[in-house]
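Contents: one structure, followed by commentary.
Computed from a predicted model, the values in this text were never measured in an experiment.
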Amino acid sequence: MDKYKVLLVDDEEEVIQVIMKKINWERIGFLVAGYANNGIRALEMVEEVQPDVIMTDIKMPFMDGMEMAHRIRTEYPAIKILFFTGFDEFEYAKGAIHLEAEEYILKPVNSVELTNVFTRLKIKLDQEINEKRSVEILQKYYMESLPLLQANFYSSLIEGRIHEEKIPHYLSDYRLSFPGPFFCCLVIHTSSSQIPENMNPLLLSTSVHKQAKERLAEKWQAKCFSYLGNTVLLPQLKVENEVSELTDECDRFCKYAHSIIGAVVTIGIGQVCSDILALSQSYKSAREAVSYRAIYGASRAINMKEAVPKKIGKPGPVNDGDLPGLFKAIRLGSENDVNEAAERYLDHMCFPEKSLQQHHVDMMELVSILYRFVVNNDIEAEDFSGDIRKLYTGLLDLEPDALRKWLVGCSLSFREKLIHARSRSTKSFVSRAEEYVQNNYADEELSLDSVCEALGVSNSYFSSIFKKETGNSFISYLTDYRMDQASAQLIETNEKSYIIAKNVGYADPNYFSYVFKRRFGVSPSKYRREHTESGN
């Protein structure tokens with residue numbers, strides 16, 4: 001398998017360089033993926049590097065190793081932590097049992113001892129990976145899946161086949177509870193085409209099911225079961241807007257599944273409801289959210305409320321035609337997909353044995369459903385903005401080829417306008433975030449969480465859209481904006497550096513100087529001298 005990734009953290013770079021050179025990392029199954037000189041910088045790198053192991057000093061500026069380890073344990077419990085420290089801190093470090101560190105290594109670091117530590121750690125990591133991939137464990141778990149009666153109830157619930165008056169009976173007989181007060185549906189889809197070598201797709205999907213039950217179901221009091229090849233969870237929420245936190249946690253689970261067991265997982269999150277009978281609608285929207293991986297990519301969570309700018313109306317059936325397939329192509333497909341879907345639909349409509357009366361009925365239903373689609377998606381379409389009866393009459397006079405050309409043209413136009421609507425929605429979203437930063441950058445508490453709360457979206461969705469539209473992470477944008485404001489104040493005012501630090505949202509002037517130097521290569525005082533002297 002691939003090498004395990006190590007992140008080194010110490011405020012003395014020479015110590016890090018010695019550690020990197022003392023060990024033959026590749027031979028013992030590791031690689032040094034990066035290093036940081038303080039806890040804050042290490043936390044910034046964790047999301048990007050996704051290390052398996054963090055080896056850290058304790059005493060460091062801005063954030064020490066103990067506080068950083070506590071944050072890592074909370075947000076990334078799978079990461080292993082090693083402390084290496086001086087003799088005077090050794091007993092203090094060993095006393096922090098609650099951090100569950102793998103080892104406490106005394107400085108100066110001995111290459112033989114360090115090699116032995118990482119050799120033992122690799123054995124432990126290999127055992128954990130092998131346990132998750134063990135065919136015997138997966139098969140045993142598959143045989144011990146949820147009881148049949150409960151699974152049938154959950155399936156019937158999301159299919160909308162449970163009558164309200166029978167709910168108390170089912171809950172009592174099957175010993176189930178849904179305290180709520182809010183609910184939603186998660187559809188967890190595991191790719192069957194992107195799987196690790198020599199891994200059975202069914203066993204991989206079962207492993208994802210097991211991990212989802214352990215990592216998501218317990219915290220969210222979620223019912224967990226398999227349905228139509230996917231894992232489905234029915235979480236319970238204390239308040240409606242808790243779904244943003246759930247979305248972020250699902251996003252982290254997707255990354256975890258890919259990192260640990262090699263599964264490409266997409267989680268669709270349906271609409272929130274206050275009645276378990278409405279879970280059938282939540283399931284439909286969650287399943288549709290999963291299909292949006294064609295736009296937003298896999299290995300992530302997709303909240304249906306965030307993914308689509310307008311609520312999409314449900315079209316009614318047109319005989320045995322394929323209008324739902326056409327609408328799906330309009331929303332998610334390429335131009336070629338739209339052409340093919342329109343052809344399939346018209347092949348059904350234009351069979352020669354059909355009577356003229358049936359043709360009139362089909363045209364009436366086609367116009368009616370297309371009109372609802374236009375209205376529900378807020379599409380400005382010239383053909384549907386005037387007299388619908390006139391449009392219907394005009395279509396009755398069209399020959400098959402002309403009708404084909406008209407339907408394909410309308411469908412491609414709808415697709416283009418939906419793409420523009422999504423683009424405008426995300427660009428407006430990013431503009432509001434940038435405006436919020438410009439109005440609040442001096443606030444020391446300004447963070448990714450506060451911006452997402454102000455905009456009413458989850459962290460994972462906001463971060464993904466912001467990075468896609470700007471090419472930069474939100475934290476980097478915030479830091480760059482603050483540094484630009486600070487550099488301007490250094491040149492244009494005579495304020496002290498610590499005052500300017502506070503003006504741009506930094507309570508700690510030392511950390512402000514550290515970030516400023518990382519951006520501009522010089523300290524604030526030197527930056528002021530260079531630019532004011534050059535101005536004179």
Side-chain angles (χ1 to χ4, degrees), residues 7 9 34 36-50 60-63 67-68 71-72 74-76 241 244-245 247-248 251-252 255 300 306 425-493 495-524 527-528:
L7 177 64
V9 189
N37 55 12
N38 61 69
I40 292 178
R41 178 57 180 154
L43 287 174
E44 292 175 351
M45 295 178 66
V46 166
E47 178 71 20
E48 176 184 354
V49 173
Q50 293 285 310
M60 296 181 293
F62 311 127
M63 178 185 288
E67 183 180 352
M68 180 200 71
R71 295 275 296 274
I72 294 295
T74 301
E75 300 177 20
Y76 305 94
N241 61 9
S244 293
E245 180 185 346
T247 301
D248 289 333
D251 204 64
R252 288 194 292 270
K255 293 179 174 60
R300 58 161 297 165
E306 299 172 344
S425 177
T426 55
K427 287 179 180 177
S428 171
F429 181 83
V430 170
S431 297
R432 286 192 291 131
E434 291 174 341
E435 182 179 359
Y436 189 90
V437 168
Q438 293 161 16
N439 293 332
N440 296 276
Y441 70 91
D443 183 0
E444 299 169 5
E445 301 299 321
L446 179 60
S447 66
L448 177 62
D449 287 339
S450 61
V451 170
C452 290
E453 183 177 356
L455 296 177
V457 294
S458 64
N459 291 12
S460 58
Y461 175 73
F462 172 83
S463 299
S464 174
I465 291 299
F466 194 94
K467 182 72 176 284
K468 180 180 178 181
E469 290 296 324
T470 67
N472 206 357
S473 71
F474 173 77
I475 296 302
S476 296
Y477 170 80
L478 174 60
T479 302
D480 289 345
Y481 189 87
R482 282 172 162 168
M483 291 302 101
D484 289 341
Q485 298 302 311
S487 65
Q489 291 185 37
L490 285 168
I491 296 172
E492 298 168 7
T493 73
E495 291 285 3
K496 300 291 187 182
S497 181
Y498 73 90
I499 297 295
I500 293 176
K502 187 173 182 62
N503 289 345
V504 297
Y506 289 88
D508 185 345
N510 292 325
Y511 184 61
F512 164 74
S513 297
Y514 165 79
V515 176
F516 189 95
K517 187 173 182 180
R518 193 173 69 185
R519 167 75 186 280
F520 294 103
V522 295
S523 66
Y527 183 92
R528 171 176 273 168

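- Side-chain contact check for Arg519 versus Asp484: some heavy-atom pair is nearer than 4.5 Å.
- Here the closest heavy-atom approach between residue Val504 and residue Ala486 is recorded as CG1-N, 3.8 Å.
- At least one side-chain heavy atom of Ile500 sits under 4.5 Å from a side-chain heavy atom of Thr493.
- Within the 4.5 Å cutoff, no side-chain heavy atoms of Tyr436 are placed close to those of Leu455.
- Looking only at side-chain heavy atoms (C-beta outward), Ser513 and Ser523 stay at 4.5 Å or farther from each other.
- A salt bridge is defined here as a Lys NZ or Arg NE, NH1 or NH2 lying under 4.0 Å from an Asp or Glu carboxylate O, and Lys467 with Glu47 fails to meet this definition.
- With respect to Asp251 and Lys255, a salt bridge is recorded, a charged nitrogen being found less than 4.0 Å from a carboxylate O.
- No more than 12 heavy atoms of other residues, nucleotides or ligands lie within 6.0 Å of OH in Tyr498, so this atom counts as exposed by the packing criterion.
- Closest approach of Ala507 and Pro509 over heavy atoms only: O-CD, 3.3 Å.
- Separation of atoms CD (Gln438) and OG (Ser431) is listed at 9.5 Å; rounding is to 0.5 Å.
- Ring planes of Phe520 and Tyr527: tilted class, angle from 30 to 60°.
- For the pair Asn37/Tyr514, a side-chain contact is recorded, criterion being any heavy-atom separation below 4.5 Å from C-beta on.
- Annotation: the span from Glu492 atom CD to Ser487 atom OG amounts to 8.5 Å, rounded to 0.5 Å.
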Test side chain to side chain contact (heavy atoms under 4.5 Å, CB included) on Asp480 and Asn472; report intermediate values, then the result. CA-CA 10 Å; Asp480 289 345; Asn472 206 357; 3.7 Å; yes
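- Side-chain atoms of Ser463 never come within 3.5 Å of backbone atoms of Ser460 as a donor-acceptor pair (strictly under, hydrogens ignored).
- Tyr76 OH to Leu43 CG: the interatomic distance, rounded to the nearest 0.5 Å, is 8.0 Å.
- Taking the charged nitrogens against the carboxylate oxygens, Arg432 and Glu435 have no contact shorter than 4.0 Å, which rules out a salt bridge.
- Within the 3.5 Å criterion, the main-chain N or O of Asn459 finds a donor-acceptor partner in the side chain of Asp248.
- A side-chain N or O of Asn503 and one of Gln489 form a donor-acceptor pair less than 3.5 Å apart.
- For the pair Thr470/Tyr477, no side-chain contact is recorded, criterion being any heavy-atom separation below 4.5 Å from C-beta on.
- Proximity of Glu434 to Phe466: side-chain heavy atoms (C-beta onward) are separated by under 4.5 Å at one or more points.
- Ring geometry for Tyr506 against Phe512 counts as tilted: the plane angle lies between 30° and 60°, on a 0 to 90° scale.
- Going from atom OG of Ser244 over to atom CD of Glu453 covers 9.5 Å, rounded to the nearest 0.5 Å.
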